[in-house]
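Values below: all heavy atoms of this structure, side chains included; hydrogens, waters and symmetry mates excluded.
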Amino acid sequence: MSKKEKNIKIEDGSETLENEGATVENDIEEPEVSVVEDEETDDAEDDTEKDPLEAALDENAKLRDQLLRTIAEFENYKKRTLKEKAELILNGGEKTISAVLPVLDDFERAIADQTEDPKAIKEGMELIFHKFVKTLEGLGVKKIETDDADFNVDFHEAIAMVPGMGDDKKGKVIDCVQTGYTLNDKVIRHAKVAVGQ
């Protein structure tokens with residue numbers, strides 16, 4: 001058998017010589033492998049462990065601040081709303097009073113008038129009455145119609161039943177004792193009526 005020699009390069013730089021299954025190593029020192037704990041890597045691991053915690057704490061602080069601000073805004077809103085509501089209750093009738101004051105002025109002028117003529121006094125009262133009705137209509141107050149109307153419990157209050165009026169008057173309003181009114185289509189006073197039986 002002939003001898004074959006092979007040179008094989010190894011990663012650490014040493015060469016081995018193979019000779020028919022026998023290995024002879026050159027005297028090249030192998031590098032020492034030692035485990036050195038790197039303090040920087042431990043610090044990096046600690047930082048990565050602290051980062052999620054710090055991030056969570058920061059997020060918690062931001063959310064807490066946002067919550068406190070929202071609560072403060074809501075409290076301010078409640079105070080402002082209560083103040084507006086109180087002002088509305090105290091001064092809500094201002095529009096109505098302002099609309100009625102001209103009618104009051106007409107009454108004062110009618111009382112101050114020294115006329116003895118009953119016809120002139122009656123005409124003056126009718127003018128004031130019509131002006132007052134127009135003022136109320138401008139504020140959304142309307143009279144509930146009762147003339148030859150069917151009795152309706154939503155608008156009418158029966159205070160008397162009138163028998164013997166005939167079949168055509170049965171369930172109909174016969175007479176209105178007190179006028180009823182609606183304010184913006186809401187009944188504020190039912191009409192007191194006598195109903196045919």
Side-chain angles (χ1 to χ4, degrees), residues 58-197:
D58 289 344
E59 184 71 18
N60 187 16
K62 286 178 187 174
L63 291 173
R64 186 171 189 272
D65 181 57
Q66 186 179 4
L67 176 65
L68 290 175
R69 288 178 188 274
T70 305
I71 289 171
E73 281 181 29
F74 182 68
E75 288 299 321
N76 289 339
Y77 168 76
K78 279 185 6 184
K79 288 176 185 174
R80 187 173 60 250
T81 305
L82 286 173
K83 183 180 177 185
E84 288 172 359
K85 188 175 181 181
E87 286 178 3
L88 187 63
I89 290 169
L90 291 174
N91 303 321
E94 183 179 346
K95 179 182 173 187
T96 305
I97 300 300
S98 296
V100 171
L101 286 177
V103 178
L104 181 63
D105 294 339
D106 288 346
F107 275 119
E108 287 176 350
R109 283 191 286 274
I111 291 171
D113 188 29
Q114 299 297 321
T115 302
E116 296 289 329
D117 183 14
K119 188 176 179 184
I121 293 172
K122 184 177 179 184
E123 286 177 3
M125 291 299 289
E126 285 178 353
L127 288 172
I128 294 171
F129 172 76
H130 289 300
K131 184 175 183 177
F132 187 60
V133 168
K134 290 283 184 193
T135 302
L136 290 178
E137 285 176 357
L139 295 170
V141 177
K142 292 182 183 173
K143 179 181 175 181
I144 295 174
E145 292 300 325
T146 57
D147 295 338
D148 202 33
D150 290 332
F151 177 74
N152 184 346
V153 293
D154 293 333
F155 299 105
H156 307 122
E157 180 183 342
I159 58 168
M161 301 296 285
V162 182
M165 295 300 291
D167 288 342
D168 60 330
K169 295 287 185 180
K170 190 173 185 179
K172 298 250 184 202
V173 174
I174 303 298
D175 185 28
C176 181
V177 178
Q178 186 180 56
T179 308
Y181 293 95
T182 61
L183 175 62
N184 299 323
D185 298 325
K186 179 187 175 192
V187 176
I188 56 174
R189 186 173 84 179
H190 289 81
K192 293 183 179 178
V193 296
V195 183
Q197 195 175 22

Would you list the atom pairs, donor with acceptor, under 3.5 Å between side chains in residues 138-163 and any protein atom, with sequence neighbours excluded?
unit_1: Asp150; atom_1: OD1; unit_2: Lys172; atom_2: NZ; d: 3.0
unit_1: Asn152; atom_1: OD1; unit_2: Asp154; atom_2: N; d: 2.9
unit_1: His156; atom_1: ND1; unit_2: Asn152; atom_2: N; d: 3.0
unit_1: His156; atom_1: ND1; unit_2: Asn152; atom_2: O; d: 3.4

Tabulate below the donor-acceptor pairs under 3.5 Å that side-chain atoms of residues 74-85 make, not counting sequence neighbours, or state none.
unit_1: Asn76; atom_1: ND2; unit_2: Ala72; atom_2: O; d: 3.4
unit_1: Thr81; atom_1: OG1; unit_2: Tyr77; atom_2: O; d: 2.7

With Lys134, which residues qualify under side-chain hydrogen bond (donor to acceptor under 3.5 Å, both in side chains), at least two apart? none

Distance-only check: which donor-acceptor pairs under 3.5 Å involve side-chain atoms of residues 89-97, not counting sequence neighbours?
none

Take Val133 and Glu137 through the test side-chain contact (heavy atoms from CB on, under 4.5 Å) and record every step on the way to the result. CA-CA 6 Å; Val133 168; Glu137 285 176 357; 3.8 Å; yes

Review item, side-chain donor-acceptor pairs of residues 173-188, under 3.5 Å, at least two apart:
none

Sequence neighbours left out, cut at 3.5 Å: what donor-acceptor pairs do the side chains of residues 109-119 make with other protein atoms?
unit_1: Arg109; atom_1: NH2; unit_2: Asp106; atom_2: OD1; d: 2.4
unit_1: Asp113; atom_1: OD1; unit_2: Thr115; atom_2: OG1; d: 3.2
unit_1: Asp113; atom_1: OD2; unit_2: Thr115; atom_2: OG1; d: 2.7
unit_1: Gln114; atom_1: NE2; unit_2: Ala112; atom_2: O; d: 3.2
unit_1: Asp117; atom_1: OD1; unit_2: Lys119; atom_2: N; d: 3.3

